[in-house]
Amino acid sequence: MYLHVANGQVIKSQGDPEHPANQGKLCTKGATCAQTLNTPDRLKHAQVRTIRTESPQQVPLDEAISHVAQRLQRIIDLHGADAVAFYVSGQLSVECQYVVNKLCKGYLRTNNIDSNSRLCMSSAASGYKLSLGADGPPGSYQDFEHADCFFVIGSNMADCHPILFLRMLVARKKTGAKLIVVDPRRTMTAEKADLHLAIEPGTDLALLNGLLHLLVEAGHIDANFISAHTEDWEKLKPFLAEYTPAQVAEWTGLAEQDIRTAARWIGEAGEFMSLWTMGLNQSTHGTWQTNALCNLHLATGKICRRGSGPFSLTGQPNAMGGREVGYLSHGLPGQRAVTHAADRAFIEDLWKLPAGTIRSEPGLDAVSMFRKIESGEVKAIWIIGTNPVATMPRRAGVANALERADLVIVQDVYHPTETSRYADVLLPGAVWAEAEGTMINSERMVTLMQKAVEPPGDALPDWELVSRVACAMGFSDAFSYRSAEEIFDEVRQSANPHTGYDLRGIRYGQLRAGAIQWPCGPGETVGRPIRYRQENNLRFPTESGRARFFARPLLPPAEMPDAEFPVILTTGRVVNQWHTMTKTGKVEQLNKLNPGSFVEIHPEDAALLKIEEGQGVEVRSRRGVGIYPARITDRIRQGVCFVPFHWNELFGDKLAINEVTNDMVDPLSKQPEFKFCAVNLTAVAAVAGLPGKTQLLLQESTPFTADQIKHLHNTMAGLATTGFVSTGSGLGLPKETPFTPEQRAWMSKLLKDVFSDRSGTQSGNQPP
Ligand SMILES: Nc1nc2c(c(=O)[nH]1)N[C@H]1C(S)=C(S)[C@@H](COP(=O)(O)OP(=O)(O)OC[C@H]3O[C@@H](n4cnc5c(=O)[nH]c(N)nc54)[C@H](O)[C@@H]3O)O[C@H]1N2
Ligand SMILES: Nc1nc2c(c(=O)[nH]1)N[C@H]1C(S)=C(S)[C@@H](COP(=O)(O)OP(=O)(O)OC[C@H]3O[C@@H](n4cnc5c(=O)[nH]c(N)nc54)[C@H](O)[C@@H]3O)O[C@H]1N2
Ligand SMILES: [Mo]
């Protein structure tokens with residue numbers, strides 16, 4: 001991406017036509033990102049508090065750094081290294097992810113570091129590792145132009161990977177490739193499909209096994225590939241018998257004919273590509289779903305060749321880079337694991353540590369980490385580039401944990417966020433446009449983010465904040481990096497011949513001219529688009545060199561609907577907002593397009609529950625409750641409702657859907673089941689989503705007619721701040737709405753009262 005800079009400020013962003021991933025195209029969020037760099041809530045200075053009931057005060061950065069170093073050291077001295085934990089992000093640079101992992105696992109000697117990838121890609125990662133031997137997709141985006149059939153399952157690409165989706169649509173126009181979309185909702189992605197399978201949530205394993213059953217039956221199996229490159233096929237085959245089309249149709253709620261059509265298209269396709277994201281990963285069987293999907297490719301031999309393969313679409317910009325440098329609790333740089341003696345020895349060497357320094361047990365995964373803080377076993381947490389109070393399941397437990405902790409360090413670029421409100425120390429990070437650093441996408445393309453402008457105030461690149469704390473703790477021999485490039489050169493030394501991970505041929509100098517894909521060995525100038533294959537020799541990075549089949553039976557999600565909680569809740573994203581909206585929530589154009597939260601409900605469910613369009617609906621689970629305006633639509637299955645997770649407490653009361661979600665995890669990947677829990681729905685009178693006081697006043701002393709209130713319900717419920725326009729004196733109702741000037745003035749005053757209250761709590765004047 002190019003940034004246009006004037007007077008030291010980024011004024012406009014523009015796509016880079018040479019970049020291999022997007023060829024110059026930007027989505028709405030990329031196109032407007034310049035507006036998010038310099039906002040009033042930008043965190044420009046460090047803040048510290050030593051007394052819990054007070055709010056943090058601005059201090060010089062050096063003071064904050066030595067404060068962090070001393071307090072961490074004291075907690076380690078008193079309680080041991082495992083009393084400290086790090087929770088980091090797939091939105092940080094490779095260099096920051098690497099340095100924080102090195103500090104934690106190598107120097108503090110605890111493996112308690114995990115990242116928001118745990119909520120995102122960890123089921124794909126564990127699934128790949130079991131099926132193929134190493135993490136990451138085996139192919140590249142250029143496969144799009146060569147596939148004859150796309151199988152998109154549990155992914156709303158049109159909204160969440162819009163540029164890639166466009167690339168797929170363009171490719172399909174040329175190649176005539178078929179598109180099958182498996183999603184319980186008729187999303188924008190499903191709308192473009194040749195075949196939409198509106199599956200009953202949580203039953204994808206039945207479908208995947210059922211498709212393989214049909215592929216076998218039709219003889220669409222590559223026996224040569226199976227015998228040359230895989231193992232355990234014979235164990236899988238008998239297991240498939242149960243997954244007859246009739247049985248699968250019953251389990252999945254799909255038409256038998258549609259299942260047969262999908263199998264035929266996959267079987268008859270010359271090249272077959274499958275794409276998936278959170279609809280499969282965020283499940284208590286996410287790893288198994290990845291295995292079952294890989295089974296389809298291995299059985300048909302449609303993998304590791306141009307146009308074919310299983311392809312998980314990574315969510316965050318650098319979650320791939322983070323997984324590669326081992327920023328999950330079991331990982332080490334170069335796709336290595338703490339559980340492998342040889343991997344530990346290699347990294348101890350690289351980090352110049354005595355043998356036996358790195359601990360061999362995986363540390364705490366994200367969900368366990370916050371539970372252990374809640375129970376008092378872990379005393380300190382350093383959170384970098386993620387907003388767990390809004391994005392972890394069962395968020396009330398996360399908030400409790402942060403209240404309970406002795407020390408909460410939050411390194412962010414904005415304040416307040418839902419999480420920064422709990423911080424004892426706030427460290428000001430620089431955003432990507434203000435620092436150098438690399439990021440790696442789903443197809444292993446390494447891109448150098450180049451510095452366009454200076455960070456504001458005392459803000460520093462994230463890697464530098466971490467390195468400076470490490471130096472203050474006495475590790476200056478290992479952390480006196482002068483640049484991100486120096487760190488990258490260390491990362492390059494972690495190449496792994498076993499998995500093919502190899503950045504040795506990639507240097508900052510070349511990256512300045514353009515992105516490069518790994519594997520790229522010494523002396524090479526371009527990467528390779530297909531992994532595991534050298535000319536005609538295909539070898540998977542498992543011990544035997546063969547990929548593995550796994551028999552993965554259909555099991556129910558952790559919490560099934562019952563009489564008390566009869567409806568399935570699934571959660572996810574909208575096209576113009578990003579996660580907790582710390583950036584997109586500030587862009588007027590985006591807020592106009594996706595102004596507020598909502599709950600999607602099927603018309604028949606709505607009729608049964610007497611819920612009207614726009615009316616407030618209480619979504620309640622065993623854990624908590626949220627209130628959202630109803631969006632009644634047949635895009636969703638009966639018995640299922642959908643709520644986006646973007647709007648949280650900074651935007652109004654009772655908006656945080658993670659108050660409601662379940663924190664049960666996949667036993668292998670430890671990824672939580674955000675896509676399935678049991679809820680009940682009740683119509684409520686209040687205008688959902690508006691701050692509590694607004695709701696109350698609207699009911700009590702309103703100068704509005706019944707029709708006007710309905711209008712307010714329909715247009716503004718759930719919008720909180722973002723549903724209003726800014727007027728000279730604050731927020732107000734848009735001009736084109738049917739209200740008198742007096743009513744508008746009344747509303748403006750109300751909003752002023754409400755939001756001046758809220759900004760008081762937000763800026764940390766009161767303890768959380
Ligand atoms: N606009 C936008 N784009 C984003 C992001 C964002 O916040 N906003 N975030 C990025 C990140 S980090 C990620 S991880 C990706 C996520 O990208 P996606 O995974 O595509 O997005 P989600 O909306 O979380 O979920 C995808 C779909 O899964 C479906 N689903 C739910 N339950 C099931 C099920 O049981 N089976 C199947 N087959 N499908 C199911 C949902 O209906 C939904 O349409 O998006 C990335 N891109
Ligand atoms: N219910 C439900 N919950 C979900 C999901 C779901 O589908 N449903 N999806 C899950 C998934 S896939 C993901 S990836 C997570 C995302 O969850 P989070 O990562 O918690 O969400 P973000 O809003 O992206 O948080 C990023 C934080 O980092 C800050 N930040 C941005 N840039 C920088 C930087 O350069 N440096 C620093 N230090 N900070 C920065 C932002 O201001 C923000 O506070 O949410 C998960 N939670
Ligand atoms: Mo994600």
Side-chain angles (χ1 to χ4, degrees), residues 27-29 36 41 43 87-93 96 115-121 152-162 181-190 197 199-204 207 275-283 289 313-317 319 383-393 395 410-415 417-420 427-435 437 459 461-462 465 557 568-584 594 600 636 640 642-646 648 656-658 660-661 671-672 674-676:
C27 72
T28 51
K29 300 182 295 309
T36 66
D41 63 344
L43 180 64
Y87 184 57
V88 303
S89 171
Q91 296 167 65
L92 304 168
S93 67
C96 176
S115 91
N116 55 7
S117 281
R118 188 68 72 181
L119 315 180
C120 181
M121 297 305 291
V152 175
I153 178 163
S155 164
N156 182 5
M157 281 180 80
D159 285 355
C160 296
H161 293 91
V181 172
V182 186
D183 196 305
R185 300 162 55 223
R186 197 172 75 246
T187 57
M188 289 313 282
T189 314
L197 302 175
I199 195 167
E200 175 78 16
T203 64
D204 297 84
L207 174 66
L275 300 138
W276 81 98
T277 349
M278 295 308 118
L280 290 193
N281 289 346
Q282 290 174 338
S283 150
Q289 311 203 111
L313 297 169
T314 302
Q316 302 175 87
I383 297 166
I384 312 180
T386 172
N387 191 359
V389 174
T391 55
M392 287 282 293
R395 63 177 284 287
V410 175
Q411 182 170 325
D412 206 290
V413 295
Y414 302 106
H415 175 60
T417 70
E418 284 77 2
T419 302
S420 73
L427 295 176
V431 299
W432 54 273
E434 298 160 354
D462 287 301
L465 292 169
I568 298 168
L569 166 71
T570 187
T571 63
R573 295 160 167 80
V574 301
V575 61
N576 292 296
Q577 300 292 0
W578 177 268
H579 298 173
T580 64
M581 299 168 57
T582 61
K583 289 178 181 158
T584 52
N594 285 122
E600 269 183 8
I636 191 149
V640 185
F642 170 84
V643 178
F645 73 103
H646 302 294
N648 288 280
I657 194 60
N658 281 326
V660 180
T661 52
Q671 180 159 356
F674 285 118
K675 291 287 184 268
F676 199 110

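Everything numeric in this text was worked out from a predicted model, so none of it was measured. Each ligand, and each atom within it, is numbered from 1 in the order the structure gives.
- A donor-acceptor contact closer than 3.5 angstrom is absent between the side chains of Asn594 and Gln577.
- Between Glu418 and Asn387, the shortest heavy-atom distance links the atoms OE1-ND2, 3.0 Å.
- Residues Ser283 and Lys675 form no side-chain contact, since every pair of their non-hydrogen atoms from C-beta on lies 4.5 Å or further apart.
- At a heavy-atom cutoff of 4.0 Å, ligand 1 is contacted by the backbone of Val575 but not by its side chain.
- Around atom 12 (S) of ligand 1, the closest heavy atom drawn from His579, His646, Glu200 belongs to His579.
- Protein heavy atom nearest atom 18 (P) of ligand 1, with residue, atom name and distance: Thr277 CB, 3.8 Å.
- The shortest contact between atom 36 (N) of ligand 1 and any protein heavy atom is with Asp204 OD1, 2.8 Å.
- Of all the heavy atoms of Ser155, the ones lying under 4.0 Å from any atom of ligand 1 are found in both the backbone and the side chain.
- Which parts of ligand 2 touch Lys675 is read off a 4.0 Å heavy-atom cut-off, strictly below it: atoms 7 (O).
- Considering backbone and side-chain atoms alike, Thr417 places every N or O at 3.5 Å or more from each N or O of ligand 2.
- When hydrogens are left out, the protein atom nearest atom 2 (C) of ligand 1 is Gln577 O, 3.4 Å; that is the closest non-hydrogen contact.
- Side-chain polar atoms of Ser155 and Thr277 form a donor-acceptor pair below 3.5 angstrom.
- Under the 4.0 angstrom criterion for non-hydrogen atoms, Ala430 is in contact with ligand 2.
- Considering backbone and side-chain N/O of Gly385, one or more are found under 3.5 Å from N/O of ligand 2.
- The distance criterion of under 3.5 Å between nitrogen or oxygen atoms is not met by Gln316 with respect to ligand 1.
- In terms of protein heavy-atom proximity, atom 42 (O) of ligand 2 is closest to Asp412 OD1, 2.7 Å.
- Residue contacts with ligand 2: Thr571 is placed with a nitrogen or oxygen under 3.5 Å of a nitrogen or oxygen of the ligand (distance criterion only).
- With respect to atom 21 (O) of ligand 1, the closest heavy atom belonging to the protein is Cys160 SG, 3.4 Å.
- Interface atoms of ligand 2 facing Lys583, defined by a heavy-atom separation under 4.0 Å, are 31 (C), 32 (N).
- Taking 4.0 Å as the cut-off, Val574 counts as a neighbour of ligand 1 on heavy-atom distance.
- Taking distance alone, with nitrogen or oxygen atoms compared against 3.5 Å, Trp432 stays at or beyond that limit from ligand 2.
- In terms of protein heavy atoms, atom 31 (C) of ligand 1 is closest to Thr570 OG1, 3.2 Å.
- The shortest non-hydrogen separation linking Ala390 to Asn658 is O-ND2, 2.9 Å.
- Scanning the protein for heavy atoms near atom 14 (S) of ligand 1, the closest one is Cys120 SG, 3.2 Å.
- Residues His415 and Asp41 have side chains not in contact (no heavy-atom distance under 4.5 Å, counting atoms from C-beta outward).
- Proximity of Gln91 to Trp432: side-chain heavy atoms (C-beta onward) are nowhere separated by under 4.5 Å.
- Side-chain contact between Asp159 and Val574 is absent, with no heavy atoms from C-beta onward closer than 4.5 Å.
- A heavy-atom separation below 4.0 Å is found between Arg573 and ligand 2.
- The option from Gly315, Gly202, Ala319 that lies nearest to atom 35 (O) of ligand 1, judged by heavy atoms, is Gly202.
- Closest of all the heavy-atom pairs between Ile568 and Glu200 is CD1-OE2, 3.6 Å.
- Contact annotation: the side chain of Thr571 never approaches that of Pro644 to less than 4.5 Å [non-hydrogen atoms, C-beta and beyond].
- A cation-pi arrangement, defined by a distance under 6.0 Å to the six-membered ring centre and an angle within 45 degrees of its axis, is present between Arg185 and Phe642.
- The protein non-hydrogen atom at the shortest distance from atom 27 (C) of ligand 1 is Asp183 OD2, 3.3 Å.
- Of the protein's non-hydrogen atoms, the one nearest atom 20 (O) of ligand 1 is Asn156 N, 2.7 Å.
- When heavy-atom distances to ligand 2 are checked against a 4.0 Å cut-off, Thr386 comes that close through both its backbone and its side chain.
- Side-chain atoms of Asp412 and Ser420 form no donor-acceptor pair, as typed in the model, at a separation below 3.5 Å.
- Proximity annotation for atom 33 (C) of ligand 1: of Gly154, Pro317, Pro184, Pro184 comes nearest, heavy atoms only.
- Using a 4.0 Å cut-off to heavy atoms of Asn658, the atoms of ligand 2 that qualify are 1 (N), 2 (C), 3 (N).
- At a heavy-atom distance under 4.0 Å, no atom of Thr203 approaches ligand 1.
- Less than 4.0 angstrom separates some heavy atom of Trp578 from each of these atoms of ligand 2: 24 (O).
- Side-chain polar atoms of Asn648 and Thr580 form no donor-acceptor pair below 3.5 angstrom.
- Not a single heavy atom of Met121 lies less than 4.0 angstrom from ligand 1.
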